[in-house]
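Down below is the structure, laid out as structure tokens.
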Amino acid sequence: MSGLFGPGSWTGVAVACGTLFGLGLVAIGYGAVRRAAREERPGPGVWRVLVARLPGDWTPRRVVIVTVAGAVAGALTTWPVAAVLTTVAMLTLPGLLGPDRQAARRTERMEALATWTEMLRDTLSAAAGLEQAVLATSDIAPAALEAEMRRLAVAVRSGRPLPAALREFAEEADDPLADVVVAALVMAAEQQASKLGPLLGELAESVREQVAMRQRIDAGRASVRTGVRVTVIVTLGMAVGLVVFNRPYLDPFNTVTGQAVLAVVGALFAASFTYLTAIGRIEEPVRLIGPPALRATAGSDPGGTR
């Protein structure tokens, strides 16, 4: 018995399954792109929460291309599971195995924060006031914080109180280490704290130590990613080679049992990549300044800065 269905039936089933699966992914990808618009709507809908967790680079164009590739793979192999696995792999593997741009961006922003803190310290040592120091350093801010610093300077020049402008800067920067620096600046602005320069120097040194630690971690993760890349390339190369040059060797996968085994193998690969991603994730410390903190401050400080 060569299989449950004939080759023509398998091809039709593969194309149908790939098309249906692709339409679902297109809908998910479109929702991911429209995530910002959805978040403005009231209500905590389950669909909106799920879409918000999808990667931002799942654009409709990419989802359509990946879906077509999955359907082609399913049609060529006559395996419905191959269509699904190809689609999922092309969506997820580039982000898992490619360069960790998010970590690099995070490290760059941390270095920029340390540089700005040192600039503030040096400017304050020249007997300048805190507000004047913020304005002076905003014009020569590091590139990674240039946009946030420009908005901070605009807010201060427009007459907004410095503590409120600094809190908005911390919310835009969205970084726990930036919260620590801003908390010190806000306390100095509201309570006229002395010896702010030495404190900023210590904070800058602490941030640079964090940067060095992350760079060591990123170096270790890069070696793991390289090993995983080699494993994936060898596995995919062997699979493609067998499909092209020795197709009879894969005849057992033409059965329902073979498709189930292939699905299990794919699930094991997915579980291993998910585990690698989870153990390589760095837990961020709790933020000191953010929307909840701002609301609490506004509610408990009547007549405070607005």
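Everything numeric in this text was worked out from a predicted model, so none of it was measured.
Two residues are said to be in side-chain contact when any heavy atoms from C-beta on lie closer than 4.5 Å; N246 and P248 meet this criterion. Put simply, the side chain of L162 does not reach to within 4.5 Å of the side chain of V186, judged on heavy atoms. Looking at heavy atoms from C-beta onward, I140 lies in side-chain contact with M119 at the 4.5 angstrom threshold. Residues E111 and P142 are not in side-chain contact: their nearest non-hydrogen atoms beyond the backbone lie 4.5 Å or more apart. With contacts defined as side-chain heavy-atom distances shorter than 4.5 Å, the pair V72/T86 does not qualify. Between E168 and L152, the closest side-chain pair of non-hydrogen atoms is not below 4.5 Å.
Both L76 and V68 sit in one connected hydrophobic cluster of ILVMFWY residues. Membership requires side-chain heavy atoms under 4.5 Å apart, directly or through other members. Placement of V265 and F273 within a single hydrophobic cluster is found when ILVMFWY residues are connected by side-chain heavy-atom separations under 4.5 Å, directly or transitively. In the hydrophobic cluster analysis, where Ile, Leu, Val, Met, Phe, Trp and Tyr join through side-chain heavy atoms closer than 4.5 angstrom, W79 is grouped apart from V240. If you chain together hydrophobic residues whose side chains sit under 4.5 Å apart, M238 and V243 fall into the same group.
In the model, R208 has a side-chain atom that pairs as donor or acceptor with a side-chain atom of T115 under 3.5 Å.
The distance from atom CD of Q132 to atom OG1 of T137, rounded to the nearest 0.5 Å, is 11.0 Å.
Of all non-hydrogen atoms in G74 and A83, the two that sit nearest each other are CA-CB, 3.8 Å.
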| Hey, mind stepping through Q210 and Q215 against side chain to side chain donor-acceptor pair (under 3.5 Å) and telling me if it holds? | CA-CA 9 Å; Q210 293 277 349; Q215 289 175 339; over 6 Å; no

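In this structure, T235 contributes its side chain and T231 its backbone to a donor-acceptor pair below 3.5 Å. R247 contributes a side-chain N or O that, together with a main-chain N or O of T77, makes up a donor-acceptor pair within less than 3.5 Å. Put simply, the side chain of E146 never gets that close to the backbone of A141: no donor and acceptor are under 3.5 Å apart.
Cation-pi geometry between R109 and W116 is not met: the NZ or CZ atom fails to fall both under 6.0 Å from the ring centre and inside 45° of the normal.
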